[in-house]
Every structure is written in C-alpha cells, then in structure tokens.
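Notes follow once the structure below has been shown.
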Amino acid sequence: MKKVAIILSGCGVYDGSEIHEAVLCMLHLARQGASYQCFAPDKAQGQVINHITGEEEQISRNVLVEAARIARGDIKPLTELNTADFDALLLPGGFGVAKNLSDFAAQGADAQLDAHVLAACKAFAAARKPAGYCCIAPILIPRVYPAGVKGTIGTETGVAEAFTAMGGEHIGCVVTDVVEDSRYQVISTPAYMLAKTITEADTGIGKLVKRLLEM
C-alpha cells in the first residue's frame with residue numbers, strides 16, 4: 001500500500017486548508033488503495049477569519065489544532081514527518097498556505113516558507129519522491145525546487161506572475177487538468193483557484209492523485 005503524507009494549513013478556505021480540497025484528496029487516495037497521514041505546523045495562525053462575514057477576528061487559533069478538525073483528530077505535528085516513511089507528499093490549497101505555511105499573502109513574490117514546511121517539502125524533492133500541490137499551494141513550488149520548475153495555479157494573472165518572479169515556469173491550466181514537471185516529480189492542479197463547483201475541483205484533484213500514485 002502506498003503511503004502519502006498530507007500537509008494541512010488549518011481549517012477553512014480563508015485562513016486554513018480548503019476543506020473540500022483536503023477531503024477530496026483523502027477520498028481519492030483511499031479510493032485508489034493508498035493510505036495517508038495528515039500533518040500540520042504546531043503554531044498560531046497568521047489570521048483568523050470569520051467565514052460568514054469575511055472579516056478578521058482578533059482571536060488566536062492554532063494551525064495544528066484547527067487542521068485536526070479535518071483529519072478527525074488523526075494528525076501529527078509537522079516536525080514528526082519523516083520522509084522515509086512515505087511514498088509521496090500532497091498539499092491541498094486554501095489561504096492557510098499563503099498565511100500559515102508561508103507569508104505569500106503578505107509578501108507576494110518575496111515570500112518565504114515556514115522553516116518546517118520548507119524542510120519537509122525539500123526532503124521529498126531531494127529523495128525524488130513525487131509531490132502534488134493543489135490550488136494556491138503550487139506557489140510554494142519555486143521555493144522548493146530549482147529555477148525553471150513547472151507548475152500551475154490556473155490562469156489568475158497576478159499569482160502566475162508571482163510564480164514566475166519566484167523562479168518557476170508557470171503553465172496555464174484549466175480547472176479539470178494538471179501540470180506535471182517530470183524532471184522533479186512534482187504535479188499541480190488549479191482546484192478552487194478556478195473551480196466554480198465541487199465537481200470541477202474533484203476532476204482536477206482526481207487526476208492529480210491518480211498521477212501522483214503512478215509516479
């Protein structure tokens with residue numbers, strides 16, 4: 001049985017992991033006979049957003065504790081992720097990627113990754129183990145792989161330009177498809193960067209997971 005490490009960034013599209021994407025990733029892995037283990041950084045969120053009003057709330061929440069809601073409590077601190085125990089890596093999207101796994105939301109093309117996130121992603125890259133990035137998560141790819149690495153966030157011009165400015169080669173992509181860079185064993189899909197429905201997100205994520213396990 002192939003085993004995949006999933007890195008979550010909280011719980012909720014505006015300040016954590018996009019829940020539909022995270023669940024679809026898990027569902028497709030399970031349906032294709034793979035197992036998975038969820039991880040998240042054990043630290044305070046960059047922001048807490050009211051998902052009804054869209055307004056920031058002046059309270060503190062922990063990324064690991066919130067991500068545990070999606071993982072049904074079966075989650076570990078990111079510091080416990082050992083690359084040798086897994087065959088592949090998978091990162092759903094959500095603004096938590098840009099606020100908790102990195103500071104892209106504030107710094108744009110000058111963004112840096114959380115140290116533990118960077119170490120984990122680079123470890124999979126160094127081991128030549130495949131990795132999948134969904135939605136906004138591909139913005140991390142240029143910080144993990146060598147210059148010129150290919151990836152997609154869909155067709156959103158501003159983020160695509162940032163991807164390129166960070167050293168990657170952005171490839172435009174429809175919501176139901178994927179972009180693969182076989183040189184580095186990394187694959188990405190737009191998901192809710194473009195998806196208007198859960199079924200559109202499902203199609204692209206399904207392709208990504210299938211290819212990830214084949215790789």
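Being a predicted model, the structure only gives us computed values, none of them experimental.
A pairwise comparison of heavy atoms in Ile141 and Ser188 identifies CD1-CB, 4.3 Å as the closest pair. When all heavy atoms of Arg128 and Ser182 are compared, the closest pair comes out as NH2-O, 3.9 Å. Minimum interatomic distance between Leu8 and Pro41 (heavy atoms only, all atoms of both residues): O-CD, 3.6 Å. Nearest heavy-atom pair across Val65 and Asn62 is N-OD1, 2.9 Å. Of all heavy-atom pairs between Ala111 and Phe104, the closest is CB-CA, 3.5 Å. When every heavy atom of Ala105 is checked against every heavy atom of Lys99, the shortest pair comes out as CB-CG, 3.8 Å.
Applying the 6.0 Å contact sphere to CZ of Arg211 captures more than 12 heavy atoms from other residues, nucleotides or ligands. Around NE2 of His28, the count of heavy atoms belonging to other residues, nucleotides or ligands within 6.0 Å exceeds 12. Annotation: Phe95, atom CZ; neighbour count of heavy atoms from other residues, nucleotides and ligands within 6.0 Å does not exceed 12. Annotation for Lys210: atom NZ does not count as buried by contact number, only 12 or fewer foreign heavy atoms lying within 6.0 Å. Counting heavy-atom neighbours within 6.0 Å of Arg183 CZ, excluding the residue itself, gives a total above 12.
The OH atom of Tyr133 sits 11.0 Å away from the CG atom of Leu208 when rounded to the nearest 0.5 Å. Taken to the nearest 0.5 Å, the CD1 atom of Ile19 stands 5.0 Å off from the CD1 atom of Ile70. The distance from the NE2 atom of His51 to the SG atom of Cys11 is 7.5 Å, given to the nearest 0.5 Å. For the atom pair Ser9 OG and Gln45 CD, the distance stands at 8.5 Å (nearest 0.5 Å). Separation of atoms OG (Ser17) and CD1 (Ile6) is listed at 9.5 Å; rounding is to 0.5 Å. Note: Leu140 CG to Lys122 NZ = 12.0 Å, rounded to the nearest 0.5 Å.
No donor-acceptor pair under 3.5 Å is formed between the side chain of Asn100 and the backbone N or O of Gly16. With Glu21 contributing its side chain and Tyr192 its backbone, the two residues share a donor-acceptor pair below 3.5 Å. Checked by atom type and distance alone, the side chain of Asp103 pairs as donor or acceptor with a backbone atom of Gln112 at under 3.5 Å.
Linking Ile, Leu, Val, Met, Phe, Trp and Tyr whenever their side-chain heavy atoms come within less than 4.5 Å puts Met193 and Ile139 in one cluster. Residues Val117 and Val97 share a single hydrophobic cluster, defined by chaining ILVMFWY side chains whose heavy atoms lie under 4.5 Å apart. Tracing side-chain contacts under 4.5 Å through hydrophobic residues (I, L, V, M, F, W, Y), one never reaches Val186 starting from Val178; they form parts of separate clusters. Note on Val149 and Ile187: separate hydrophobic clusters, where clusters join Ile, Leu, Val, Met, Phe, Trp and Tyr whose side-chain heavy atoms are under 4.5 Å apart, directly or indirectly. When hydrophobic clusters are built by joining Ile, Leu, Val, Met, Phe, Trp and Tyr residues whose side-chain heavy atoms come closer than 4.5 Å, directly or via intermediates, Tyr36 is not grouped with Leu27.
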Please output the side-chain donor-acceptor pairs of residues 162-176 that fall under 3.5 Å, not counting sequence neighbours, one pair per line with the distance.
residue : atom : partner : partner atom : Å
Thr164  : OG1  : Ala160  : O            : 3.2
His170  : NE2  : Ile153  : N            : 3.0

Side-chain atoms of residues 75-91: list all donor-acceptor pairs with protein atoms under 3.5 Å, sequence neighbours left out, distances to 0.1 Å.
residue : atom : partner : partner atom : Å
Asn82   : OD1  : Ala84   : N            : 3.1
Asp87   : OD2  : Lys3    : N            : 2.8

| Stepwise side chain to side chain contact (heavy atoms under 4.5 Å, CB included) test for Asp74 and Cys38 | CA-CA 7 Å; Asp74 184 9; Cys38 294; over 6 Å; no
**OP:** Mind running side chain to side chain contact (heavy atoms under 4.5 Å, CB included) on Glu200 and Leu194 for me, showing each step along the way?
**Re:** CA-CA 9 Å; Glu200 288 184 348; Leu194 291 180; over 6 Å; no
Margin query: The test is side chain to side chain contact (heavy atoms under 4.5 Å, CB included); show your working for Gln32 and Val209 and say whether it passes.
Written below: CA-CA 9 Å; Gln32 296 184 49; Val209 170; 3.9 Å; yes
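At least one side-chain heavy atom of Glu180 sits under 4.5 Å from a side-chain heavy atom of Met215. In this structure, Thr152 and Pro190 have side chains that are in contact, with non-hydrogen atoms separated by less than 4.5 Å.
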